[in-house]
Student: 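The structure is given below, and queries will be raised subsequently.
Atom set for the values below is all heavy atoms of this structure, side chains included, hydrogens, waters and symmetry mates excluded. Index from 1, following the sequence.
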Amino acid sequence: MSATTSSRTTSSRTTSSRTTSSRTTSSRTTSSRTTPGRTAAATASVLRRPRTLGTAWVVWRQHRTAAWIALAVLAVLCAELLWLRGAMTGYVAEHGLAVPCPAEDDCAVYTAAIDDFRLRYGDFLGYNTLLLEFLPLFAGMFVAGPVIARELESGTYKVAWTQSVSPPRWFAAKLGLPVAALLVGASVLSAVFTWTWRSVGHLDHGLLVDGTLWYEAFDALGPAPVAGVLFGAVLGALTGLLVKRTLPAMAVTAAACVLLYWPLTTVRPYLVDPVTTTRSASSDYPPSLHGGDSWHYERGMTTPSGGRLPDAGCIESAGISRCVTRHGADGWYLDSHPPAHSQRLEWAQAGLVAAAAAACAAGALWRVRRLCP
C-alpha cells in the first residue's frame, strides 16, 4: 500500500516538473520571439536621437553656462534701458524740452535744463550705443573661438563624425543653436534700445544728447545690429574653420570685423538716393556739411556740362571765388539724407550685410567638406 502511494507521488511530481518545464520553455520561447522586435525598436529609437537632438543637446550642454550668463546680462540691459527711457521722458516733460525755445525768448533756463539732461543721461545713452555697435564683434569672437575652433583644436569633432553624423550636419548643429540664440538676443536688445533712443532722439533737431544723431548711432538702431550679429557669427565660424586655434581665431575675427566695418561706412550713404541741394556759384560760401538733423555727407561744385567736383581741396585752402574760377564751376551741390531716410538706409544695409553673411556661410560649408577625410 505504501509502495503504491509512493509511486503515485513520484509520478505526480514527475508530471508537475514536466508541466513546469514545458511552461518555462514556452515562456522562454515566447520571450525569444518578442525580444528581438522590442530590441530593434529600442535600437532604432536610440539611433534616431543623435541625428535630431543629440548634437544640439551636446552644444547646449557645452555652452549652457555662457547661455545663462548671457540671458542674465540681457535681462539687466533691458531693465536698464526701460528705466533710462522712463527717466529721460519724465525729465523732458518736467522741464518742457519737447518744444524748442523761441529765438526771441531768454533761453537761459532752457539751455541749463539741456546741459543738466546731457550730464545725467548722456553717458548712459552713449555707452548703450557703443555696446550695440560692438555686438557683432562679440558674437563673431564667441562663435570663432569656443564654438568652432575649440572643437577642431581638441579633435572632439572626429567623435561626432564617426557616429553617423555627417560633417555638414555637425556644422549646422554646432552653429544653429548659438546663432539662433544670438539673433534672438540681438533682436530684443535692439528693439528696446531703438524704442528708448527714439523717445528723445528727435528733440532739439537731434542735438539733445551729443553724439547721438540718427546717423551717428546708425549701427545701434533698427535691424542694423541684428544683421551685424548674423554676419559676425558666420564670419567667426569661417575663421574658426580656417584657423583651428581658439585664441588666434578670436583675434583674427576681431581684426576682420574692424577692417570690414570701414568699407561698410563708406558705401552706406549711397545705398539710397539722396536729397540733392544746389545753389549758384555766385554764393560766397559752399553749403555747410554741418547743422540740423540731416546727414550732409558730400558737397562740391558743378560744371556747365553737368559734371561734379566733390569737395575740391581749394575750398578750404584758397579763396572761394578763385577756387570756382580755377575749376570752371557754375554752382554748388550738397547731398544729404533727412531723418526720413533712416529706416530705408537701415534695411538696405541689413540686406547687404545679410548677403555677405550668406557668402561667408557658403565658404564655411565648403571648408567643412574639405575637412572631411
Student: Side chain to side chain contact (heavy atoms under 4.5 Å, CB included) for Y333 and D335? Distances and angles first, verdict last.
Tutor: CA-CA 7 Å; Y333 76 90; D335 288 339; 3.8 Å; yes
Student: State, to 0.1 Å, how close E346 and G222 come at their nearest heavy-atom pair, and which atoms those are.
Tutor: OE1-CA, 3.8 Å
Student: Any chance you could measure T277, atom OG1, to L334, atom CG, to the nearest 0.5 Å?
Tutor: 5.5 Å
Student: About how many Å separate CZ of R279 and OG1 of T302, when rounded to the nearest 0.5 Å?
Tutor: 12.0 Å
Student: If you measure from OG on S336 to CZ on R299, what distance do you get to the nearest 0.5 Å?
Tutor: 13.0 Å
Student: I need the full list of side-chain hydrogen bond (donor to acceptor under 3.5 Å, both in side chains) pairs touching residues 218-233, with sequence neighbours left out, sorted by first then second residue.
Tutor: D219-Y261, D219-R268, D219-Q349
Student: Atom CD1 in I148, atom CG in L175: separation rounded to 0.5 Å?
Tutor: 5.5 Å
Student: Minimum heavy-atom separation for L137 and A254, please, with both atom names.
Tutor: CD1-O, 4.0 Å
Student: Shared ILVMFWY cluster between W68 and L177, side chains joined below 4.5 angstrom?
Tutor: yes
Student: Scan the side chains in residues 109-117 for donor-acceptor partners under 3.5 Å anywhere in the protein, sequence neighbours excluded, and list what turns up.
Tutor:
from : atom 1 : to   : atom 2 : distance (Å)
T111 : OG1    : C107 : O      : 2.8
D116 : OD2    : Y91  : OH     : 2.7
D116 : OD2    : R120 : NE     : 3.1

Student: Side-chain contact, heavy-atom cut-off 4.5 Å: W262 with L264?
Tutor: no
Student: Any heavy-atom pair between the side chains of T253 and V143 that's under 4.5 Å?
Tutor: no
Student: What closest approach, in Å, do F171 and A364 show between heavy atoms, and which atom pair accounts for it?
Tutor: CZ-CB, 3.6 Å
Student: Set out, in order, the CA-CA distance, both residues' side-chain angles and the distance that settles side chain to side chain contact (heavy atoms under 4.5 Å, CB included) for Y270 and E298, then state yes or no.
Tutor: CA-CA 11 Å; Y270 304 100; E298 183 178 299; 2.9 Å; yes
Student: Answer with yes or no whether the hydrophobic clustering places L130 together with V192; edges join I, L, V, M, F, W, Y residues whose side-chain heavy atoms lie under 4.5 Å apart.
Tutor: yes
Student: Can I get a per-line list of side-chain donor-acceptor pairs under 3.5 Å for residues 76-88, giving both atom names and the distance, sequence neighbours left out?
Tutor:
from : atom 1 : to   : atom 2 : distance (Å)
E80  : OE1    : N128 : ND2    : 3.4
E80  : OE2    : N128 : ND2    : 3.0
R85  : NE     : W195 : O      : 3.3

Student: Quick one: are S342 and W214 in side-chain contact, heavy atoms under 4.5 Å?
Tutor: yes
Student: What pairs with S190 under side chain to side chain contact (heavy atoms under 4.5 Å, CB included), at least two apart in sequence or on another chain?
Tutor: L132, T194, P225, V226
Student: Linking I/L/V/M/F/W/Y whenever their side-chain heavy atoms sit closer than 4.5 Å, directly or via other members, would Y121 and L119 fall into one cluster?
Tutor: no
Student: Which atoms form the tightest heavy-atom contact between L213 and W197, and what is the distance?
Tutor: C-CZ2, 4.0 Å
Student: Mind listing the side-chain donor-acceptor pairs of residues 227-250 below 3.5 Å, one per line with the distance, residues two or more places apart or on another chain?
Tutor:
from : atom 1 : to   : atom 2 : distance (Å)
T239 : OG1    : L235 : O      : 2.8
T246 : OG1    : E153 : OE1    : 2.8

Student: Could you tell me whether the side chain of R308 reaches within less than 4.5 Å of the side chain of M301, counting heavy atoms only?
Tutor: no
Student: Does Y215 reach the side chain of S294, with side-chain heavy atoms less than 4.5 Å apart?
Tutor: no
Student: V147 versus F142: any side-chain heavy-atom pair under 4.5 Å?
Tutor: yes
Student: Would a 4.5 Å heavy-atom cut-off, applied to side chains only, mark F218 and L345 as touching?
Tutor: yes
Student: Is the closest side-chain heavy-atom distance between I69 and L71 below 4.5 Å?
Tutor: no
Student: If I compare all heavy atoms of T303 with all of G307, which pair ends up nearest, and what's the gap?
Tutor: OG1-N, 2.9 Å
Student: Not counting sequence neighbours, list each pair that qualifies as a ring-ring contact (aromatic ring centres under 6.0 Å, His included) and has a residue in residues 339-359.
Tutor: H337-H341
